[in-house]
Protein chains: 2
Amino acid sequence: MASIKDVAAEAGVSVATVSRVLNDHPSVSPEARARVLAAVETLGYRPNAVARSLRTDQTRTLGLVISDVMNPYFTELARAVEEEARALGYSVIFGNADERPDLQDHHVRTLLDRRIDGLLVSPTDGGSPLMLDAVRAGTPMVFVDRWIPGVDVPVVRADGRRAIRDLVSHLHGLGHSRLAIIAGPAATTTGRERVEAFRDALRAYDLRLPEDHIGQGDFQAESGRRATERFLDLPEPPEAVFAADNLMALGALDAIRARGMRVPDDIALAAFDDIPWFTHTDPPITAVAQPTGELGRAAVRALVDRIEGRAPRSVTLPARLVVRRSCGEPSPVRRSEP
Amino acid sequence: MASIKDVAAEAGVSVATVSRVLNDHPSVSPEARARVLAAVETLGYRPNAVARSLRTDQTRTLGLVISDVMNPYFTELARAVEEEARALGYSVIFGNADERPDLQDHHVRTLLDRRIDGLLVSPTDGGSPLMLDAVRAGTPMVFVDRWIPGVDVPVVRADGRRAIRDLVSHLHGLGHSRLAIIAGPAATTTGRERVEAFRDALRAYDLRLPEDHIGQGDFQAESGRRATERFLDLPEPPEAVFAADNLMALGALDAIRARGMRVPDDIALAAFDDIPWFTHTDPPITAVAQPTGELGRAAVRALVDRIEGRAPRSVTLPARLVVRRSCGEPSPVRRSEP
DNA sequence: GTAATCCGTGTAATCGATTCCACGGACTCA
DNA sequence: TGAGTCCGTGGAATCGATTACACGGATTAC
């Protein structure tokens with residue numbers, strides 16, 4: 001592959017001049033510029049990003065470490081991140097942590113080795129030493145969706161409290177009073193927060209959330225299935241189940257079907273994170289929708305601000321309830337897709 | 001960040017010795033090795049992958065340019081690719097082409113600029129000059145899922161002919177004889193092949209595939225909806241619709257619902273590409289399932305073979321029919337999930 | 001006892017870019 | 001006319017690694 005030297009030779013100038021043309025530095029004569037451009041053309045020259053990065057100490061690359069690519073919520077997030085990054089002149093390298101702290105560390109490490117300019121993370125756990133070190137060492141970082149408390153890093157996320165209140169109100173209005181939740185891992189902020197918000201909302205209706213109505217999940221479908229089975233084994237099973245993410249809701253649906261029960265007739269179901277497929281399930285599922293795309297874009301903007309020396313802002317966007325048919329006859333509160 | 005020089009100074013040896021320890025070269029004394037390792041530890045040194053790549057001319061990175069990340073089929077493929085690559089000591093940089101040739105070119109270009117060791121592509125179109133140049137220049141490349149005819153690059157893909165024959169047999173057995181297909185873009189191999197396989201299978205039952213029973217789609221949901229609407233507007237609409245990918249099947253489902261019609265009672269529906277959600281739709285959708293994970297892994301192995309100087313093989317794996325309820329009462333041919 | 005071999009180590013070239021500095025020529029201004 | 005500016009350009013240092021080569025000392029072989 002042709003290097004800058006080849007171009008310089010072809011154009012009859014020095015490598016310095018070629019470099020100046022390429023970075024359109026002002027002091028290059030029009031003739032020299034033209035000759036260089038012609039040489040670039042005939043050789044099909046493309047600058048070596050590796051060499052450039054070594055010299056300039058910037059890769060124009062962002063790292064994104066995501067908890068689970070197979071989860072449509074994160075897929076959409078990743079897509080939005082890539083789009084915004086591209087618009088700002090950055091590339092993105094993705095790492096899929098699969099909800100495993102060791103994999104998360106693996107990706108953070110290789111990303112750091114590659115000297116990415118900044119890191120976007122939705123942490124799987126409470127924060128590994130590695131990640132804490134990276135923050136301390138000054139690596140530009142932004143948390144998205146989830147975060148690590150006590151670490152001074154901007155956070156871009158959705159606030160679901162309001163939407164969860166709306167959900168509980170919706171369920172209560174439909175006559176459900178024994179409500180259960182399938183929680184995410186306690187190590188994640190989203191895992192804890194959604195339970196708390198749910199509990200708080202219940203309190204407003206004088207409802208309680210007994211221990212055996214809190215299922216412990218890990219944001220994967222299988223755990224949703226197990227938690228739901230335990231609910232259904234209870235002497236007095238819940239009338240409604242709220243899954244803290246879309247995959248666990250799917251698992252719950254499986255478990256309910258396996259017992260020959262029907263949603264919403266026998267039991268109501270709702271989920272956190274809305275995804276296109278929820279319109280097409282049987283029945284369509286009521287969910288709390290995050291502004292996923294906007295979250296991804298805001299996270300990139302915050303990170304790039306930090307990288308380029310501007311002050312990054314934390315951002316919290318509201319989530320909203322999307323009512324479908326999985327909790328019973330839709331009330332006229334907030335209609336949306338059928 | 002500490003460099004190899006700092007480590008050398010700390011350990012009281014030359015950078016050459018440090019490098020030898022790091023790449024466990026045999027001729028280093030145990031004492032020197034120990035001192036270097038200690039220095040690495042105290043400084044928290046990590047080798048700069050950028051510098052290493054510049055020198056060795058290899059990045060241990062693979063590029064994957066995918067047609068559409070939001071499509072669960074490609075998401076699963078991407079995940080499998082990353083896993084296998086990681087197992088072989090490579091990282092993966094993803095590019096999402098969104099079915100747009102210009103975006104595909106953008107990603108190929110930046111990937112090439114970053115001097116990735118090899119490229120995995122599922123081409124959106126018939127092959128841009130850029131991609132052809134890259135092949136000619138000797139960039140290790142492997143096509144996955146789709147390919148470009150006449151280009152000498154190994155192809156890893158699934159063969160759906162057999163499964164499509166099974167599908168047509170299934171539909172025929174249920175009494176459907178007016179069958180329609182929503183095709184993918186003619187610029188893609190998968191877009192063309194699935195139509196041909198379908199037509200061939202129909203012929204075996206003395207069925208024809210008239211022009212107005214071939215809808216032109218682009219592998220996106222919206223196009224599936226439009227094509228289906230056109231089918232339903234026909235004086236004599238088809239009794240069964242086969243969508244050439246999962247997203248278009250979703251669009252078809254929407255269109256059918258919007259007319260107040262029911263699947264499979266009023267019209268049968270089947271899809272190419274099976275995804276977990278198809279178990280949960282109303283009704284569960286009959287689909288042709290590709291061995292997606294195995295495809296991704298095989299593609300990586302072929303590419304790494306090529307990179308490391310072994311002869312890469314093209315791989316074709318069979319797809320299989322998964323019968324659910326969207327075409328009518330399930331026949332006892334090949335049952336699977338409910 | 002001398003020559004050949006081997007081992008551990010350091011010096012320095014190298015990868016492909018960017019950029020500081022110096023230099024020569026043209027121009028401006030007093 | 002001579003000093004000072006400005007402009008376009010090239011030489012060379014530099015980023016952080018790897019690695020060919022040289023070198024000195026110890027070991028081995030004859």
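Chain naming here is simple, since letters A, B, ... match the order of the sequence lines and numbering starts at 1 in each.
Within the 4.0 angstrom heavy-atom criterion, no nucleotide atom of any strand lies near A:Val50. In this structure, A:Val18 reaches neither bases nor backbone, as no heavy-atom distance under 4.0 Å exists between it and the strands shown. B:Asp57 comes within 4.0 angstrom of no nucleic acid atom, judged by non-hydrogen atoms across all strands. Looking at heavy-atom distances under 4.0 Å, A:Ala32 makes contact with sugar-phosphate atoms alone, never a base.
When rounded to the nearest whole Å, the span between CD of A:Gln58 and P of C:dT18 equals 11 Å. Rounded to whole Å, the distance from CG on A:Asp6 to C1' on C:dA17 is 13 Å. The nearest whole Å value for the distance from the CG atom in A:Leu54 to the C1' atom in D:dC15 is 4 Å. The separation between B:Arg55 atom CZ and C:dA13 atom P is 13 Å, rounded to whole Å. Between B:Lys5 atom NZ and D:dA13 atom P the separation is 13 Å, expressed in whole Å. B:Arg52 has its CZ atom 14 Å from the P atom of D:dG16, to the nearest Å. Rounding to whole angstrom units, CD1 of residue A:Ile4 and C1' of C:dT18 are separated by 8 Å. The interatomic distance linking A:Leu43 (CG) with C:dG16 (P) rounds to 14 Å, in whole Å.
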Would you sort out whether B:Glu82 and A:His107 count as a side chain to side chain contact (heavy atoms under 4.5 Å, CB included), showing the intermediate values?
CA-CA 11 Å; B:Glu82 196 275 337; A:His107 284 120; 2.9 Å; yes
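Side-chain polar atoms of B:Arg146 and B:Ser67 form a donor-acceptor pair below 3.5 angstrom.
Between B:Asn48 and the phosphate of D:dC15, there is no side-chain N or O to OP1/OP2 separation shorter than 4.0 Å. B:Thr17 has a side-chain polar atom (N or O) that falls below the 4.0 Å cut-off from OP1 or OP2 of C:dG10.
Nearest to the side chain of A:Ser3, among C:dG8, C:dG16, D:dG11, sits C:dG16.
Place A:Ser29 and B:Thr56 on DNA chain D by their nearest nucleotides, and A:Ser29 ends up nearer the 5' end. Projected onto DNA chain C by closest heavy-atom contact, B:Ala16 and B:Ala51 fall at different nucleotides, the more 5' of which corresponds to B:Ala16.
A donor-acceptor contact under 3.5 Å is not formed by the side chain of A:Arg33 with the base of D:dG8. Residue side chain A:Arg20 reaches the base of D:dG10 through a donor-acceptor N/O pair under 3.5 Å, judged by distance alone.
Looking at heavy atoms from C-beta onward, B:Phe143 lies in side-chain contact with B:Ile148 at the 4.5 angstrom threshold.
Using a 4.0 Å cut-off between a side-chain N of Lys or Arg and a carboxylate O of Asp or Glu, A:Arg79 and A:Glu83 qualify as a salt bridge.
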